[in-house]
**Student:** 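Got a structure for you, questions after.
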Protein chains: 2
Amino acid sequence: MAVIDDVARLAGVSKATASRALSGRGSVADATRQRVLQAAAALDFRASPAAVSLATGRTGALGVLAPAIDTWYVSTLLRGIAEAALSHDLDVVLYDLGRGAEMRERVFERFRQRHHIDALISTTFALTHREVSRLASIGIPAVALGDGAAGVRSWCLDDERVGTLATEHLLSLGHRRIVHVGGSTVLDESLFAAERLRERGYQRAMRAAGLQPAPTLLHDPTAEASYAHALSMLRSPDRPRAVFAATDEIAMGVLLAARSLGLRVPLDLSVVGVDDHAYAAAFDLTTVRQDPREHGERIVDWLVADLAAPSGDTSHELIEPELVVRGSTAPA
Amino acid sequence: MAVIDDVARLAGVSKATASRALSGRGSVADATRQRVLQAAAALDFRASPAAVSLATGRTGALGVLAPAIDTWYVSTLLRGIAEAALSHDLDVVLYDLGRGAEMRERVFERFRQRHHIDALISTTFALTHREVSRLASIGIPAVALGDGAAGVRSWCLDDERVGTLATEHLLSLGHRRIVHVGGSTVLDESLFAAERLRERGYQRAMRAAGLQPAPTLLHDPTAEASYAHALSMLRSPDRPRAVFAATDEIAMGVLLAARSLGLRVPLDLSVVGVDDHAYAAAFDLTTVRQDPREHGERIVDWLVADLAAPSGDTSHELIEPELVVRGSTAPA
DNA sequence: CTGTTAGCGCGTTCAC
DNA sequence: GTGAACGCGCTAACAG
C-alpha cells in the first residue's frame, strides 16, 4: 500500500506539500495540487487512519452509547446516525449498555481510554446521574438524545406534548372514559421521566376538558406484558372506551387483547399509541409519530459542525411530535 | 494524560521495559513488572489506541457490515456481537448498508481505506457476488453469518431444516391443507436463497407425507404486506387450515388478518412462523427459533481466536434450528 | 507557496 | 533481563 512519501515523490513535491494538497488545509498552488491528486489517484493512496489520528489527535469516529439496541426506536435511530456519519466520512463505534449493570460498568470503564472516538452520542433516556458525571470527566464532547444533562447539548421529544396531543385527539372524538396505559418504573429513572411527562400531558388534557384523569396503569413496556394487563382491564364491566398507550408496543398489546376478547376496534374501543413503530401501519394504529432516523441525522450534523467550530452550545431542544390518525380511533 | 514515558520514569525503568511489562510480551523480572504495574495504576495510564495501532498495525476494532439494522434479527445479533466484543476489549464499528444502492457503494468505498478495523463480520444474506470479491481484495479477514462465500468462514441457519421442522409439526397435528407464505424476491438474490431453502424444506416434508405442496405465496417480508395478502387468502372458500410463514413478521400479518376476519386461531387456522421474534410470545405464536444473540457471540469468539492464531479455516457451518410450540397451532 | 525539521506515543529490534 | 535507538505514517511549526 502506497504511503504519502510515494505520492510526494511521484508528484515531485515534499511530503508536507502532498499532505496539504490532500487534506485541503493550508494553501497549495493549483497546479501543484492537481499533480498531487493525480499521483494519489494513480497510486490508490489512502492515508493510514492510525497515523492521521496520532498526528492530529482526531480519530474520525463517533461513539454511540445506547441501551439495548434491539428496540425499534434505538435501531432506527442508529440507522440515521450511521447514514449521516458515513456521509461525513466518520466511523460509528457502538457501545451497547445492555440491560444489566455489569455491561454498563464495563462500557464506562472502556470510555476512560483515550481517543477511541472524537465525540459521543448518548441515546435515549438511560443515563444515571453518576454516568453523566463520568462522561463529563472524559473530556470528549458529548451530546444527548433524550433527557438532557447539565452542560450537554441535547434534544428530546416533547413528551408532555405527546400526552396532550394523543388525549386531545380522543377527547375531540367525544370520548370521556379515557385511560392511560404506561410503561414500568423498573427501568432507569431517566427513562421513567419520559413516561411521567406523557402521563402529565394526559392528565393536563383531561383536566382542561373538565374530566377526572384515571389512574395510570403501569407495567413492563412490552407488547407481551401489555397484552396480559389489557386482558384484565378490558374484561372489567366498566372498561374504558378509549386508551392512550405510552408506546406503540403497549398499544399493540392492547389491540391484541381487545381482539381476542371479541371487542371491535375502533367501534368498541379506540386506541392511540406513540412512536409510529414499523408495525403501526399494519395494526392500523393511530399514533403520535417520532422520527428517530431523522433525529439521528440531525444530531450527527450538529456534532460535525460543532467539532469543526465548537459553539459551547449546551441548549436543550424539544422536538415537536406529530399526530398520525389511522383506523384505531373513531368517534365515541 | 500520562504517557508510557511517565510510567517508565516513575517505575525507574526504560520505556521499553515498561512496554514489555504492560503488554505481557517479552520477559521482565517479576519485581520490575510489579513496579511498572503499580506506576501505571498510580498514573491511571492508558495506552493511546492510535499509537498502538500505528506501531502494531492492529486497530482493536471489529467491523460489522449489516443491511438495514432496524430489523429484529440484525439488531439482536448486534447486541450479541457488541457484548462479546466488549469482553474481548474490542470496539465495534458499524457499517449499515441501508436499503438502497447508494449507501452500499459508499460503504464499500470506505472499506478500501486501510486499517480501520482488524476484521469484518458480514451479517445476513445481503452481499452480492461483486461485493464478496471486493471484500476479499481488502485483505482484512472476513467471516460471514449467512450464505457463505467461497474462501470465507461462515455460519448459516439450516434453512431447509427450518422448513421441514415447521411443516412436519403441522403434519403431525393432522393438517393436510398447508400453505407456505414466503418473502419477496425483490431483495437480494442471496437473501432469496434462505427463502428458497425454507420453501424447499416445506415441499420436501409435504411430499414425504404423500401430499402435493401448494404454490408458495410471495410478497414483501413485512407484517403489513403479509396482512393484506393474508386477507384475500383467508377469504377464499378453500382457504388453508394451516400456514407456514417464512418469518414471524409474516406470521403476525397472517394472525392479524385471521382475527380481523373472525377466524379463531388455532381452532380455524394453525400458524407457524420462523425466528422467535420478540413479539412471538405475545402473539402466542408457534415458531422455529433462531438465536441471533448467541450467533453474534459465537462469531466474535471465533474471530478473536482466529486473529490470535489464524487457522485458515474456511468451513461453512449449518446452525440447527429449534421448534418452539405455542398456542397458534392445534390438531386439525 | 513550498521544503525542512520535529514530533504524535507507542512497539520493537539489537546490543549489552 | 534491560536500555538506547529507530520506525510506524502523518501533520504542524517554522523558515525561506
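Here the structure is a predicted model, which means the values were calculated and not measured. When reading the values below, keep in mind they use all heavy atoms of this one structure, side chains included, and skip hydrogens, waters and symmetry mates. By convention in this document, chain letters (A, B, ...) are assigned in the order of the sequence lines, proteins followed by strands, and residues within each chain are numbered from 1.
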**Student:** A:Trp155 ring centre to A:Arg153 NZ or CZ under 6.0 Å, with the angle to the axis within 45°?
**Tutor:** yes
**Student:** Rounded to the nearest 0.5 Å, what separates atom CZ in B:Arg298 from atom CG in B:Asp291?
**Tutor:**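 CG of B:Asp291 is found 9.0 Å from CZ of B:Arg298.
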**Student:** Please report the end-to-end axis angle for the helix from C:dC1-D:dG16 to C:dC16-D:dG1, five pairs per end, rounded to 10 degrees.
**Tutor:** 30°
**Student:** With a 4.0 Å cut-off on N to O distance, would you call B:Arg79 and A:Asp70 a salt bridge?
**Tutor:** yes
**Student:** Can you measure A:Ile4 atom CD1 to D:dC10 atom P for me and round it to whole angstrom units?
**Tutor:** 5 Å
**Student:** Looking at every strand, decide which applies to B:Leu54 at a 4.0 Å heavy-atom threshold: base, sugar-phosphate, or nothing.
**Tutor:**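 The residue B:Leu54 makes base contact.
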**Student:** Please report the interatomic distance CG(A:Leu303) to CD1(A:Ile299), rounded to the nearest 0.5 Å.
**Tutor:**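 Those atoms lie 7.0 Å apart.
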**Student:** Which atom pairs, one a donor and one an acceptor, fall under 3.5 Å between side chains of residues 27-37 of chain B and the rest of the protein, sequence neighbours left out?
**Tutor:**
| unit_1 | atom_1 | unit_2 | atom_2 | d |
| --- | --- | --- | --- | --- |
| B:Arg35 | NH1 | B:Ala11 | O | 2.5 |

**Student:** For DNA chain C, what residues of residues 14-39 of chain A have any heavy atom nearer than 4.0 Å?
**Tutor:** A:Ser14, A:Ala16, A:Thr17, A:Arg20, A:Ser27, A:Val28, A:Ala29, A:Thr32
**Student:** If the threshold is 4.0 Å, N to carboxylate O, is there a salt bridge linking B:Glu105 and B:Arg110?
**Tutor:**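 Looking at B:Arg110 together with B:Glu105, the answer is no, because their closest N to O distance does not fall below 4.0 Å.
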**Student:** Within the 4.5 Å heavy-atom criterion, are A:Arg106 and B:Ser87 side-chain neighbours or not?
**Tutor:** yes
**Student:** Rounded to the nearest angstrom, tell me the gap between atom CZ in B:Arg58 and atom C1' in C:dC10.
**Tutor:** 16 Å
**Student:** Taking the six-membered ring for Trp and the single ring otherwise, decide whether the centroids of A:Phe111 and A:Tyr95 are under 6.0 Å apart.
**Tutor:**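 Aromatic pair counts; centres sit under 6.0 Å.
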**Student:** Tell me the interatomic distance from A:Asp6, atom CG, to D:dC8, atom P, rounded to whole angstroms.
**Tutor:** 12 Å
